[in-house]
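The structure appears below as structure tokens.
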Amino acid sequence: MQTKHEIQRLLASAGARPNKKLGQNFLIDLNLMRLLIDAADIRKNDVVLEVGCGTGSFTEGLAEVAGRVVAAEYDKILARIAMQQLQDAEHVTIVNTDILESKNKLAPQIVEELARAKAELGGRLLLVANLPYNAGTSVMANLVGGTGEGLQNRPEGAENAVFEGENGVLGGGEKVGGGVGEPGIGLVADAMYVTVQKEVAQRMVAEPGGKLYGILSILIGACGESEILRILPPSVFWPAPGVESAMVSFERQAGKAARIRNMSVFKEIVNLFMGHRRKMMQACTKFAKGSELGGITDWGDIFDEAGVNPQMRPEKVLPDEFVEIANACAVRLGRK
Ligand SMILES: C[S@@+](CC[C@H](N)C(=O)[O-])C[C@H]1O[C@@H](n2cnc3c(N)ncnc32)[C@H](O)[C@@H]1O
């Protein structure tokens with residue numbers, strides 16, 4: 001792991017400076033780096049995805065404990081530095097790529113690397129990273145809801161997680177894609193231990209009713225559990241960002257996620273209702289027109305089956321209740 005001076009030296013020797021647009025705020029507190037790695041409890045048969053490896057500082061720490069590390073770095077100069085720093089680590093693959101092929105899809109090359117390594121090692125897939133602010137939320141959304149693009153042996157019934165968000169933050173106007181009718185959930189992360197902007201971490205753990213409760217909160221709540229581990233002041237990064245950050249965890253709970261009959265329908269449902277979060281549930285159903293969900297005529301029965309008051313507002317509906325609504329719809333659409 002590299003000190004601030006080492007990072008500065010590596011950048012200077014390549015004639016580079018931190019690029020603000022790419023969120024190049026390097027974590028320079030090595031104790032915090034160690035804390036995140038320890039919290040992830042990485043084992044020798046685990047595959048770790050690091051998004052934005054920078055000069056390879058955190059990657060070095062991950063390489064000490066993981067069975068395999070796959071790192072994506074968008075910046076060509078930084079990727080080259082990281083490759084040099086880790087040239088002797090055969091179990092580390094650094095790919096100079098944008099982690100997002102589109103805003104809604106992880107880079108197929110990375111997904112293939114991860115799927116292959118996971119099949120070889122048989123352990124968990126973990127996202128452990130100091131995430132770039134511009135891509136972090138989309139990356140996490142794909143890894144919670146599933147990303148299948150690029151998988152050669154896509155499991156039957158797999159679907160792609162497709163997310164859209166303003167500047168990578170699924171906020172008020174957020175939308176999660178993955179239309180009804182897509183196959184398979186593909187690759188998912190078993191756990192995520194990441195550094196993100198504090199507000200993103202707060203969205204991940206938000207409870208119904210608050211203004212931060214949104215699509216990411218619902219997806220996470222439906223598939224597992226998140227916890228804020230530590231709030232980080234700007235001073236632990238170089239250069240210091242303008243906002244506070246947080247270390248946050250997500251642990252997938254297989255039993256919980258398995259209740260979702262069809263992830264694609266679930267996402268459509270969450271989109272439909274949370275797109276109008278302050279209207280009544282019943283009133284939101286008219287916006288289904290034109291989509292496959294528009295064919296559903298007995299929303300009253302669906303709300304009954306799910307135990308949801310049709311006069312409730314979506315922003316107060318629990319993740320589990322959205323799961324029940326989506327499951328009832330999946331049955332009606334023959335997509336269970
Ligand atoms: C917050 S820095 C983390 C750097 C280093 N891992 C650390 O912990 O200090 C985020 C890194 O992500 C890279 N990055 C930004 N957008 C990216 C993208 N879409 N795909 C891959 N890497 C990206 C940046 O170039 C930068 O190196």
Side-chain angles (χ1 to χ4, degrees), residues 100 103-105 127 131-147 160-179 188-189 192 194-228 231 243-253 256-257 260 263-281 283-285 287-288 291 293 306 308-309 312-326 329:
L100 295 169
K103 177 159 74 169
N104 308 319
K105 196 163 99 183
L127 173 71
L131 289 173
Y133 76 94
N134 57 348
T137 305
S138 297
V139 169
M140 290 192 288
N142 274 283
L143 287 169
V144 175
T147 185
N160 305 319
V162 187
F163 267 68
E164 291 172 8
E166 285 289 312
N167 301 322
V169 177
L170 298 174
E174 61 192 351
K175 188 172 196 253
V176 52
V188 290
M192 307 191 300
V194 293
T195 299
V196 290
Q197 284 173 285
K198 186 170 106 180
E199 190 192 308
V200 175
Q202 288 170 329
R203 285 183 189 284
M204 291 170 72
V205 302
E207 299 285 340
K211 85 175 189 322
L212 291 174
Y213 183 66
I215 287 175
L216 189 60
S217 340
I218 294 167
L219 186 63
I220 281 178
C223 295
E225 256 184 25
S226 266
E227 190 189 338
I228 293 181
I231 302 294
V243 293
E244 282 185 310
S245 302
M247 285 179 169
V248 62
S249 67
F250 163 79
E251 288 280 345
R252 175 174 297 278
Q253 292 169 325
K256 221 173 172 185
I260 303 173
M263 184 62 84
S264 192
V265 175
F266 175 62
K267 289 173 184 170
E268 280 287 301
I269 286 295
V270 176
N271 262 343
L272 172 65
F273 291 102
M274 290 303 283
H276 311 277
R277 53 186 293 144
R278 294 204 176 89
K279 291 197 182 336
M280 287 181 195
M281 290 295 280
C284 295
T285 59
F287 298 105
S291 75
L293 291 172
V308 172
N309 180 345
M312 193 136 130
R313 300 182 198 286
E315 64 187 5
K316 296 207 166 151
V317 173
L318 298 166
D320 287 358
E321 293 172 330
F322 278 116
V323 171
E324 293 301 329
I325 294 171
C329 290

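For the single chain, residues carry numbers from 1 onward in sequence order.
- Other residues, nucleotides and ligands place more than 12 heavy atoms under 6.0 Å from the CD atom of Gln253.
- Shown here are the side chain to side chain donor-acceptor pair (under 3.5 Å) partners of Glu225, two or more places apart in sequence or in another chain: there are none.
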Between Met140 and Phe250, is a side-chain contact (heavy atoms from CB on, under 4.5 Å) present by the stated rule, with each step listed? CA-CA 9 Å; Met140 290 192 288; Phe250 163 79; over 6 Å; no
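- Rounded to the nearest 0.5 angstrom, Met281 CE and Asn309 CG are separated by 9.5 Å.
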Given Leu212 and Glu199, is the side-chain contact (heavy atoms from CB on, under 4.5 Å) satisfied, shown in steps? CA-CA 8 Å; Leu212 291 174; Glu199 190 192 308; 3.9 Å; yes
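- Counting all heavy atoms, side chain and backbone alike, Tyr213 lies closest to Val317 at OH-O, 2.5 Å.
- Atom CZ of residue Arg277 and atom CE of residue Met274 lie 4.0 Å apart, to the nearest 0.5 angstrom.
- Here Lys279 contributes atom NZ and Thr285 contributes atom OG1; the two are 12.0 Å apart, rounded to the nearest 0.5 Å.
- The structure places OG of Ser217 at 12.0 Å from CG of Leu318, a figure rounded to the nearest 0.5 Å.
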Please walk me through it: do Val308 and Glu324 pass side-chain contact (heavy atoms from CB on, under 4.5 Å)? CA-CA 9 Å; Val308 172; Glu324 293 301 329; over 6 Å; no
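- Note: Leu293 CG to Glu268 CD = 5.5 Å, rounded to the nearest 0.5 Å.
- Here the closest non-hydrogen pair linking Thr195 and Ser245 is CG2-CB, 4.2 Å.
- Taking the salt bridge (charged side-chain N to carboxylate O under 4.0 Å, His left out) definition, one finds that Glu321 meets it with nothing, sequence neighbours left out.
- Tested against Ile325 for a side-chain contact (heavy atoms from CB on, under 4.5 Å), the candidates Ile269, Val270, Val265 yield a single pass: Ile269.
- Listed by chain and residue number, nothing satisfies the salt bridge (charged side-chain N to carboxylate O under 4.0 Å, His left out) test with Lys211 (two or more places apart in sequence, or in another chain).
- Rounded to the nearest 0.5 angstrom, Leu219 CG and Phe322 CZ are separated by 12.0 Å.
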Steps toward side-chain contact (heavy atoms from CB on, under 4.5 Å) verdict (Ile220, Arg203): CA-CA 10 Å; Ile220 281 178; Arg203 285 183 189 284; over 6 Å; no
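- Of the possible polar contacts, one joining the Ser226 side chain to the Ser249 backbone as a donor-acceptor pair under 3.5 Å is found.
- No side-chain donor-acceptor contact under 3.5 Å links Arg252 to the backbone of Cys223.
- Using a distance-only test at 3.5 Å, with no hydrogens or angles considered, a donor-acceptor pair links the side chain of Lys256 to the main chain of Gly221.
- Looking at heavy atoms from C-beta onward, Gln202 lies in side-chain contact with Ile228 at the 4.5 angstrom threshold.
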